[in-house]
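Not measured: the values here are computed from a predicted model. When a residue number appears, it is its place in the shown sequence, counting from 1.
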Amino acid sequence: MFLKVKSPVFIDHLTFQVGEPQKAMLRAVLRDDCGIICSALETEVEKDQQELDWNGLNDLPYGVYTLEISRGQDEMKMRLVKRV
């Protein structure tokens with residue numbers, strides 16, 4: 001696993017722990033229960049970067065989301081919950 005979400009529950013941001021720190025482009029997408037993209041992030045992870053923050057998620061409605069993350073050929077999905 002190249003990234004780990006610190007908590008599957010979030011309020012206004014997500015924090016990731018970088019499992020394999022290497023320079024690479026990272027793309028993350030948050031989808032709601034209907035599969036609609038609610039937010040997207042594309043950033044470059046630096047070689048020695050240990051953590052990554054995704055800010056600006058405060059305006060999303062509360063509920064369950066699917067997080068899709070890709071880095072090159074590596075992909076992963078997980079369920080997250082936005083709460084009050």
Quick check for you: to the nearest 0.5 Å, what is the distance between [X] atom [atom1] and [Y] atom [atom2]?
X	Y	atom1	atom2	answer
M25	R71	CE	CZ	12.5 Å
W54	T15	CH2	OG1	12.0 Å
I69	K4	CD1	NZ	13.0 Å

Side-chain donor/acceptor of K82 to backbone N/O of D12, under 3.5 Å: no

Spell out, yes or no, whether [X] and [Y] are grouped together once hydrophobic residues are joined by side-chain heavy atoms under 4.5 Å, including indirect joins.
X	Y	result
M76	L26	yes
M78	L14	yes
V29	L67	no

Heavy-atom pair with the smallest gap, counting every atom of L80 and S7: CD2-O, 4.4 Å

Counterpart residues, side chain to side chain donor-acceptor pair (under 3.5 Å), relative to E68 (two or more places apart): R31

Inter- and intrachain pairs under salt bridge (charged side-chain N to carboxylate O under 4.0 Å, His left out), touching residues 51-64, at least two apart: K6-E51

Minimum side-chain heavy-atom gap R83-I11 below 4.5 Å: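 They are in side-chain contact.
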
Any D32 side-chain heavy atom under 4.5 Å of Y65 side chain: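 In contact.
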
Show me the donor-acceptor pairs, under 3.5 Å and distance only, between side chains in residues 38-45 and residues at least two apart or in other chains.
none

From CA spacing to verdict: side chain to side chain contact (heavy atoms under 4.5 Å, CB included), T66, R79: CA-CA 5 Å; T66 300; R79 306 274 292 171; 3.3 Å; yes

